[in-house]
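Here's the structure, in structure tokens; my notes come after.
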Protein chains: 2
Amino acid sequence: MADVAAAAGVSAMTVSRALRRPDSVSAEVRARVEEASRRLGFVPSRVASALASARTMTVAVLIPSLTNAVFIDLLAGVQETLSPHGYQPLIGVTGYGPEAEERVLRAQLAHDPDGVILTGLDHTPGTWDLLRSLTVPVVHTMDLTTEGGLGDGGHGDGGVRTVGFSQFDAGYAIGAHLAERGRRRIGLIAGQLDPRTRQRCDGWRQALRDAGRHDPDRELLVPDATSVALGAELLERALAAHPDTDALFLCNDDLAQGALFQCARLGIPVPERLAVAGFNDLAGAAWTVPPLTTVATPRRAIGVEAARLLIAGMEDRAQSRPEPRCVDLGFRLMVRETT
Amino acid sequence: MADVAAAAGVSAMTVSRALRRPDSVSAEVRARVEEASRRLGFVPSRVASALASARTMTVAVLIPSLTNAVFIDLLAGVQETLSPHGYQPLIGVTGYGPEAEERVLRAQLAHDPDGVILTGLDHTPGTWDLLRSLTVPVVHTMDLTTEGGLGDGGHGDGGVRTVGFSQFDAGYAIGAHLAERGRRRIGLIAGQLDPRTRQRCDGWRQALRDAGRHDPDRELLVPDATSVALGAELLERALAAHPDTDALFLCNDDLAQGALFQCARLGIPVPERLAVAGFNDLAGAAWTVPPLTTVATPRRAIGVEAARLLIAGMEDRAQSRPEPRCVDLGFRLMVRETT
DNA sequence: GCTTCCTTTGTTAGCGGTAACATATCGACC
DNA sequence: GGTCGATATGTTACCGCTAACAAAGGAAGC
């Protein structure tokens, strides 16, 4: 920067100003600095800038997994929103564990991010402590604070900002839909039992209870990560246990696709003998045979909105403590042909 | 750090040493520093550390897209390998454009990464210049320098390190496989025409020429991003143009899955009337009906190996210019039932 | 002509660590 | 006992930039 300053015949401070806020210097100086800067191939060091200004222009983004399309979409939304504003996402992968999340968060905080985006609301007390101690904005995603069954970990809702949708309501909607379709022996298949999956299941359960058709025996919950292969396998297990099942809710579309494939293989007509519903409306769900009924979740939009909220909080030089907000982006029941 | 030093009754430098290389201080001092550090909740600032030591512990990772599973797998491999060594990946999304890539790289370089991972070898001259000017290790992925049809952009192979596999050979393998199966009227469907896709197509073409069965009319290339929906649509277009086609190579598994779905819908028996082959062996390819013949690509392994090479280069304090290496991780033809 | 105020540029002093070197301490060895 | 070398800790100066304040110059107002 000193070289550029010398070349442009100004002080280093003026170079800094000319490059960061071009209209804070005269047009003539700006031109000279820009020319010198370009000629010398000057790239300002963000590290030094961060140290001097206490703004790193980075945002910690904590997600459970990189191999689940749901969180990738979230990340994509975050990335495409932050990027034009000059912010760098720092991804942290927690592997679905609250303890790991705390560790990862701690590691990320060493980078002094200007904001934090987390997945879900199930954090360790240590994580809540860390978050409370931060002076930068924090946004939680994929869930709502008003959600039942969460258990307020002593943190109150004070200042917690969330962008998501009601997993419970979404599960309820699927359950109600299957009941409305006249199905009576409705089963549930779920993997990757994170809190959001559990809430979906709770909603589904409630819907079936409300319809007087809940049968706990027809629930098949396994801890494994969801996949097409697992869906195929679990379909067989579910039908072996209860051959008369006439509808199934699978907690994620990859499971549902696997189940559909297996039905085709076993010659089980869908939806005639068995209705199948998935969740998330992942890529391809509209094209399966038959097209899959599922719940479209606004994953990318959640990422975009979370990033927007964060940017608003970060640009706010007044550091006004933002009012807690709980943005509900909703979901859509996509009724297709498998039900 | 000064507070911790005071609390532990040592100098700041000793605190720094105790936390970074614990065995460079006496056991007694180490214990005192660790206790004070924990008690005060001290988290060393990586920003300051980066400025003072000229090591940011970050790695720029440039990929074309976050919505293509191929690059997510690559990223996952990189992330899981870097993370235990304390390195933070900085993701940059280029949108498949060499010019955008140069812009993104420039932006990432402002963060002073300790290493760079790029996708592919088709970079702008400006990008090559930037890379040449770097003093940190660089690894290219998903391709091989020895690949034909690349066009050496005047950069020679000097020092270029690559981890990938031969896209050409993989395409050739699929083409040869379809020919071996006795198919005579073989078509090609491709989207997202990046250089790697083109190389696959080149390989396929060569295989068909070698078998004396290449028919340029049966190639359907579109620039759109690949998806299940696109696969379904292009299958119809391809068959409308050439109803007698008896085999199709689709350049990505999502296209192939869409095509399979559409075949089911149209009542076209696979593989009896039409053989279908995909590429990448994405999740679920083994479970489609019938299971999809495809080429398994070592995407995650490429990420892991690229990160390993990078780490080796970064830890090498001697800054010995590493010998150019071209790591071929190969591919596997997964013959399943669609062919 | 002289304030006053605003705009533009410069000066100074750090941000929070770490490299490099200086210094102290101790035991071993002749 | 004195010297040497290894080990442990301290001191100093900076990494490259920017906040905060200072200064200079020009326009506006009386």
Side-chain angles (χ1 to χ4, degrees), chain A residues 1-34 36-37 40-58 86 88 107 109-114 135-136 314 317-319, chain B residues 1-34 36-37 40-58 86 88 107 109-114 135-136 314 317-319:
Chain A
M1 187 178 264
D3 292 349
V4 174
V10 295
S11 72
M13 190 66 236
T14 299
V15 173
S16 173
R17 277 195 278 253
L19 298 179
R20 281 157 42 90
R21 293 193 303 118
D23 30 271
S24 69
V25 299
S26 68
E28 192 221 354
V29 163
R30 188 187 322 145
R32 287 214 313 274
V33 169
E34 273 166 7
S37 174
L40 298 178
F42 173 62
V43 179
S45 159
R46 288 213 175 213
V47 173
S49 171
L51 186 58
S53 68
R55 313 200 72 226
T56 55
M57 299 304 282
T58 62
Q88 239 311 311
L109 291 184
H111 289 274
D112 270 319
D114 292 334
T135 59
V136 297
M314 295 186 298
R317 322 300 279 111
Q319 283 292 10
Chain B
M1 187 177 265
D3 292 349
V4 174
V10 295
S11 72
M13 190 66 236
T14 299
V15 174
S16 174
R17 278 195 276 252
L19 298 179
R20 280 158 39 93
R21 292 194 302 117
D23 31 270
S24 69
V25 299
S26 68
E28 191 221 354
V29 163
R30 186 187 323 143
R32 287 215 312 275
V33 168
E34 273 164 7
S37 173
L40 299 179
F42 175 62
V43 179
S45 159
R46 288 212 176 214
V47 173
S49 171
L51 185 59
S53 68
R55 313 200 73 224
T56 56
M57 300 302 282
T58 62
Q88 245 299 319
L109 290 184
H111 289 274
D112 270 318
D114 292 335
T135 59
V136 298
M314 295 186 299
R317 322 300 280 112
Q319 283 293 12

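All chains are named by letter (A, B, ...) in the order of the sequence lines, taking the proteins before the strands, and each is independently numbered beginning at 1. Atoms considered below: every heavy atom in the structure, side chains included; atoms not considered: hydrogens, waters and symmetry mates.
- The interatomic distance linking A/Asp23 (CG) with C/dT9 (P) rounds to 12 Å, in whole Å.
- Put simply, the side chain of B/Met57 reaches to within 4.5 Å of the side chain of B/Asp114, judged on heavy atoms.
- Between A/Ser37 and A/Leu19, some side-chain heavy-atom pair lies under the 4.5 Å cut-off.
- For A/Asp3 and D/dC17, the CG to C1' distance is 14 Å, given to the nearest whole Å.
- Between B/Arg21 atom CZ and C/dG17 atom P there is a gap of 18 Å when expressed in whole angstrom units.
- Contacts with DNA chain C (heavy atom under 4.0 Å) in residues 13-20 of chain B: B/Met13, B/Ser16, B/Arg20, listed by number.
- Nearest nucleotide to the A/Val10 side chain, out of C/dG10, C/dG17, C/dC15: C/dG10.
- With contacts defined as side-chain heavy-atom distances shorter than 4.5 Å, the pair A/Arg55/A/Met314 qualifies.
- With rounding to whole Å, B/Arg30 atom CZ is found 13 Å from D/dT7 atom C1'.
- No donor-acceptor distance shorter than 3.5 angstrom exists from the side chain of A/Thr14 to the backbone of A/Val10, with no hydrogens or angles considered.
- With contacts defined as side-chain heavy-atom distances shorter than 4.5 Å, the pair A/Ser49/A/Arg20 qualifies.
- Between B/Ala48 and B/Val29, it is B/Val29 whose nearest contact on DNA chain D lies nearer the 5' terminus.
- When the side-chain nitrogen and oxygen atoms of B/Ser11 are compared with OP1 and OP2 of D/dG10, one or more of them lie within a distance under 4.0 Å.
- Taking atom CE on B/Met1 and atom C1' on D/dG10, their separation rounds to 14 Å, with Å as the unit.
- Side-chain contact between A/Ser45 and B/Asp112 is present, with at least one heavy-atom pair separated by less than 4.5 Å.
- Residues A/Arg30 and A/Glu34 are not paired through a salt bridge, judged by the lack of any N-O separation under 4.0 Å between the basic side chain and the carboxylate.
- The shortest distance between the side-chain N/O atoms of B/Ser53 and the OP1/OP2 oxygens of C/dG17 is not below 4.0 Å.
- Distance, B/Leu51 CG to D/dA13 C1': 13 Å, rounded to whole Å.
- Between A/Ser45 and D/dC15, a side-chain N or O to OP1/OP2 separation shorter than 4.0 Å is absent.
- One atom, CZ of A/Arg55, and another, P of C/dC15, lie 19 Å apart when rounded to the nearest Å.
- One atom, CZ of B/Arg32, and another, P of D/dA8, lie 14 Å apart when rounded to the nearest Å.
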